[in-house]
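Worksheet: the structure to be examined is printed underneath.
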2 protein chains.
Amino acid sequence: MVTIKDIAKATGVSPSTVSRVIADNSRISEETKAKVRKAMEDLGYFPNMTARNLAVKSTKTIGVILPSSADKSLQNPFFSEILRGIGSVTHKLQYSMMLSSGQTEEEIYAEVQRIVLGSYVDGIILLYSRLNDRVTQFLVEKGFPFVIVGKPQELNDRITYVDNDNIQAGEDITSHLIETGHNRIAFIGGAKDLVVTIDRMQGYTNALKKADIPILEEYLIHTEFLKSGGKEAVEKILRLPERPDAVVVSDDLISIGVIGMLEESGLSVPEDISLVSFNNAYLSEIIHPALTTIDIQIYKLGVESAKAIIEKKIGIDDPKRIIIPHYIIYRDSVKRNS
Amino acid sequence: MVTIKDIAKATGVSPSTVSRVIADNSRISEETKAKVRKAMEDLGYFPNMTARNLAVKSTKTIGVILPSSADKSLQNPFFSEILRGIGSVTHKLQYSMMLSSGQTEEEIYAEVQRIVLGSYVDGIILLYSRLNDRVTQFLVEKGFPFVIVGKPQELNDRITYVDNDNIQAGEDITSHLIETGHNRIAFIGGAKDLVVTIDRMQGYTNALKKADIPILEEYLIHTEFLKSGGKEAVEKILRLPERPDAVVVSDDLISIGVIGMLEESGLSVPEDISLVSFNNAYLSEIIHPALTTIDIQIYKLGVESAKAIIEKKIGIDDPKRIIIPHYIIYRDSVKRNS
DNA sequence: CTGTTAGCGCCTTCAG
DNA sequence: CTGAAGGCGCTAACAG
């Protein structure tokens with residue numbers, strides 16, 4: 001390995017001068033800079049980041065924590081997309097991104113400890129937010145820079161997060177259904193302890209209330225990513241005397257399953273029942289029917305969260321709420337019941 | 001920050017002793033070990049990995065390189081799944097995983113340079129394999145440990161890779177179609193410069209040949225993840241005088257689009273046309289109809305690739321080929337034409 | 001079994 | 001504008 005000393009020797013200057021050239025220090029003459037740089041080029045020098053990190057006490061890498069990998073939700077394209085967003089800014093700013101996860105909450109906690117206490121990273125992005133989360137707690141106690149993608153359910157005033165206005169989004173999309181002439185609207189959501197599900201459902205009920213449409217308990221269904229289990233639930237809802245004429249589904253990926261089940265039950269979307277959902281994953285565009293859905297700008301969520309920790313605008317002192325706008329993408333899963 | 005010195009001072013031993021305790025060196029008395037450990041506990045000591053890495057010249061982190069993020073293919077759940085696999089072993093072995101990518105090949109190349117020359121990682125996993133790839137070339141020249149997930153198209157004998165036998169897989173699934181009474185079988189593949197596409201198509205033609213079924217040029221269609229563009233292509237193929245009675249699609253995600261387009265064209269799967277594909281993504285299970293597909297064990301691909309670089313069984317000297325078995329998952333997208 | 005001495009490669013005062 | 005010296009926190013011979 002060629003070090004700073006080697007190139008110092010080669011150019012006849014001192015190591016500190018070389019170091020200064022690397023930092024492009026202004027009080028080094030242009031000629032020595034040129035000379036040194038040439039040597040670096042010739043000898044194929046490349047700064048050793050580990051050494052540098054040790055000296056400056058910073059790693060220029062940020063840790064990204066995924067939800068427990070036991071969770072099927074990891075299959076959601078949401079994650080690839082947000083990683084893309086994060087990656088775009090880490091890349092541009094010459095940062096690195098360390099991915100980490102675990103099978104259980106316990107493991108994740110251990111991981112986070114390992115990477116922050118071990119000084120692996122300068123900051124952390126949490127890609128989940130659970131109630132009563134030890135990780136979050138650990139991070140705030142430690143005063144370690146971090147941001148949550150999604151809405152934290154506690155310590156709200158002490159942590160920075162980037163999220164969509166999911167309540168509003170839920171209301172918007174539900175209103176769209178109402179405006180297009182639907183009035184028996186069901187809601188199908190993912191795990192009911194996820195804030196995002198709760199918020200979107202909240203928006204859904206808000207919209208119904210505003211339109212004076214009664215909220216029916218039987219119209220609210222929660223399922224993990226629906227497979228066999230969820231199937232019956234959907235079938236049940238469809239056999240109600242007042243069968244819904246529309247359904248808002250809390251996630252595009254779930255929509256795929258729902259559409260499949262509806263078809264099996266002999267109903268087609270949107271002819272027999274309209275459907276709208278959230279995320280605007282690539283999927284929602286290629287499936288049939290193409291989904292009318294809320295684009296939550298996942299990529300941007302990633303970008304903004306990365307910017308937030310890197311640009312360290314955040315101190316534990318001034319937590320921020322960054323809200324990414326959403327908008328409706330109109331496609332073919334809604335029927336106009338004039 | 002509490003260092004090794006602090007706890008040395010606190011316990012009245014030397015720093016090296018503390019270091020040995022950390023390494024659980026056998027020639028340290030149990031009592032001093034206990035004493036030291038207690039101090040570590042009390043003072044909240046945690047080893048600084050950057051320092052350690054510098055000293056031992058190893059980072060215990062492996063770099064994972066994604067394909068260019070411009071590529072829509074990143075949306076493919078394949079990546080989440082393989083990251084899960086890799087993560088499971090890095091985690092277990094107390095390694096870290098550094099994710100990196102770029103918008104263009106150029107950027108990726110720069111990234112790889114940065115992380116290997118900067119000594120960020122001990123090894124690299126390439127999640128793509130392109131013809132005439134500078135990155136691959138750089139890595140072999142440098143003699144840097146790396147493994148490719150997928151089949152390299154050159155330097156075959158000098159690099160380690162983990163892959164499925166995609167040719168065989170293609171043959172297997174196509175044969176299944178033939179056995180179930182189909183004989184006008186089309187092939188729809190992704191980008192035609194991807195080895196995986198090529199291999200699967202190769203298997204497809206092999207199967208046809210063995211069954212003495214002629215290979216029709218019009219039955220071969222290539223498209224990126226199909227959207228508007230691919231649509232016409234599929235419609236075209238369906239209007240042929242000899243319309244296919246089955247289609248082999250090179251990826252589950254593409255299948256979703258294909259099924260959608262078939263439906264729009266008034267054809268339903270599998271009644272009018274059978275469909276099989278590859279990967280067995282979560283999607284293929286929830287979509288309607290559920291897909292008969294090849295399970296390539298993505299998770300395992302990840303696990304094995306991670307094991308390969310970490311356990312450094314690989315030297316530039318003895319490259320390995322690790323083949324992960326595949327098997328057919330029979331579901332509802334194939335009609336039995338007895 | 002434990003302490004001493006040198007680094008790992010780079011950065012940063014402090015002098016000049 | 002540049003050198004010398006010391007240190008970041010930890011490990012690794014080399015002595016005892």
Side-chain angles (χ1 to χ4, degrees), chain A residues 1-40 43-61 94 96 114-122, chain B residues 1-40 43-61 94 96 114-122:
Chain A
M1 162 172 272
V2 30
T3 82
I4 216 172
K5 280 183 185 168
D6 297 320
I7 98 103
K9 202 159 295 172
T11 34
V13 299
S14 79
S16 37
T17 299
V18 177
S19 176
R20 287 185 181 110
V21 173
I22 294 173
D24 200 16
N25 188 309
S26 57
R27 19 179 231 188
I28 296 287
S29 72
E30 282 308 323
E31 43 181 343
T32 43
K33 272 188 187 172
K35 191 171 57 178
V36 170
R37 282 185 182 131
K38 180 166 185 330
M40 300 202 294
L43 303 193
Y45 169 78
F46 219 89
N48 180 314
M49 284 313 175
T50 308
R52 160 180 258 270
N53 289 343
L54 179 57
V56 303
K57 287 174 171 317
S58 143
T59 58
K60 300 250 287 176
T61 110
Q94 299 257 316
S96 301
R114 189 177 74 86
I115 69 178
V116 342
L117 264 14
S119 320
Y120 276 102
V121 298
D122 289 349
Chain B
M1 161 171 273
V2 30
T3 81
I4 216 172
K5 281 185 186 168
D6 297 320
I7 99 103
K9 202 160 295 173
T11 34
V13 299
S14 80
S16 40
T17 299
V18 178
S19 176
R20 287 183 182 111
V21 174
I22 295 173
D24 200 17
N25 188 309
S26 57
R27 23 179 226 187
I28 296 287
S29 73
E30 281 308 323
E31 43 182 342
T32 43
K33 271 189 188 172
K35 191 171 57 178
V36 169
R37 282 184 183 133
K38 178 164 186 332
M40 300 202 295
L43 303 193
Y45 169 78
F46 218 89
N48 180 315
M49 285 314 175
T50 309
R52 159 180 256 271
N53 289 343
L54 178 57
V56 303
K57 287 175 171 317
S58 143
T59 59
K60 301 251 285 177
T61 111
Q94 300 257 316
S96 301
R114 190 177 72 86
I115 69 177
V116 342
L117 264 11
S119 320
Y120 275 103
V121 297
D122 289 349

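Within every chain, numbering begins at 1; the chains are lettered A, B, ... in the order of the sequence lines, protein sequences first and strands thereafter. Since this is a predicted model, take the numbers as computed values, not measurements.
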Report summary line: By nearest-heavy-atom nucleotide on DNA chain C, the more 5' of B/Lys57 and B/Lys33 is B/Lys33

Query - Over all atoms of both residues, closest heavy-atom pair of A/Ser14 and A/Ala8 - result: C-CB, 3.8 Å

**Report entry** For chain B, the stretch of DNA chain D it reaches, first to last nucleotide, under 4.0 Å of its heavy atoms
**Finding:** D/dG9 to D/dC14

Query - Nucleic acid contacts of residues 20-31 of chain B, taken as heavy-atom distances under 4.0 Å to DNA chain D - result: B/Arg20

Query raised in the report: What pair of heavy atoms forms the shortest contact from A/Ser96 to B/Tyr120, and how long is it?
Result: OG-CE2, 3.9 Å

Report task. Locate the shortest heavy-atom distance separating B/Ser58 from B/Asn53; write the atom from each residue and the value. Result -> O-OD1, 2.9 Å

Requested in this report: Evaluate the side-chain proximity of B/Thr3 to B/Asn48: yes if any heavy-atom separation is below 4.5 Å, no if none is.
Outcome: no

With a cut-off of 3.5 Å and sequence neighbours excluded, list every side-chain donor-acceptor pair involving residues 20-27 of chain A.
unit_1: A/Asp24; atom_1: OD1; unit_2: A/Lys33; atom_2: NZ; d: 2.8
unit_1: A/Asp24; atom_1: OD1; unit_2: A/Arg37; atom_2: NH2; d: 3.1
unit_1: A/Asn25; atom_1: OD1; unit_2: A/Arg27; atom_2: N; d: 2.8

Query raised in the report: Under 6.0 Å from the NZ atom of A/Lys35, do we count more than 12 heavy atoms belonging to anything else shown?
Result: yes

Query raised in the report: What's the spacing between A/Met40 CE and A/Asp6 CG if we round to 0.5 Å?
Result: 13.0 Å

Requested in this report: Any chance you could measure A/Met49, atom CE, to B/Ile115, atom CD1, to the nearest 0.5 Å?
Outcome: 12.0 Å

Query raised in the report: Which atoms form the tightest heavy-atom contact between B/Thr59 and B/Asp122, and what is the distance?
Result: N-OD1, 2.9 Å

Report task. Remember a base hit wins even if backbone is also touched, and classify A/Pro47 as base, sugar-phosphate or nothing at under 4.0 Å, heavy atoms. Result -> sugar-phosphate

Query raised in the report: Reckon B/Thr32 touches a base, only the sugar-phosphate, or nothing at all at heavy-atom distances under 4.0 Å?
Result: sugar-phosphate

Query raised in the report: Near DNA chain D, which residues from residues 3-13 of chain A have a heavy atom under 4.0 Å away?
Result: A/Gly12, A/Val13

Requested in this report: For B/Leu43 and B/Val2, work out which heavy atoms get closest and say how close.
Outcome: O-CG1, 3.6 Å

Query - Any A/Arg114 side-chain heavy atom under 4.5 Å of B/Gln94 side chain - result: yes

**Report entry** Donor-acceptor side-chain pairing of A/Ser16 and A/Ser19 below 3.5 angstrom
**Finding:** no

Query raised in the report: Mind checking which nucleotides bracket the chain B contacts on DNA chain C, 5' to 3', with an atom under 4.0 Å from a heavy atom?
Result: C/dC1 to C/dG9

Report summary line: Correct closest heavy-atom pair for A/Ala39 and A/Thr11 would be CB-CG2, 3.5 Å

Query raised in the report: For the helix from C/dC1-D/dG16 to C/dG16-D/dC1, what angle lies between the axis at the first five pairs and the axis at the last five pairs, to 10 degrees?
Result: 40°

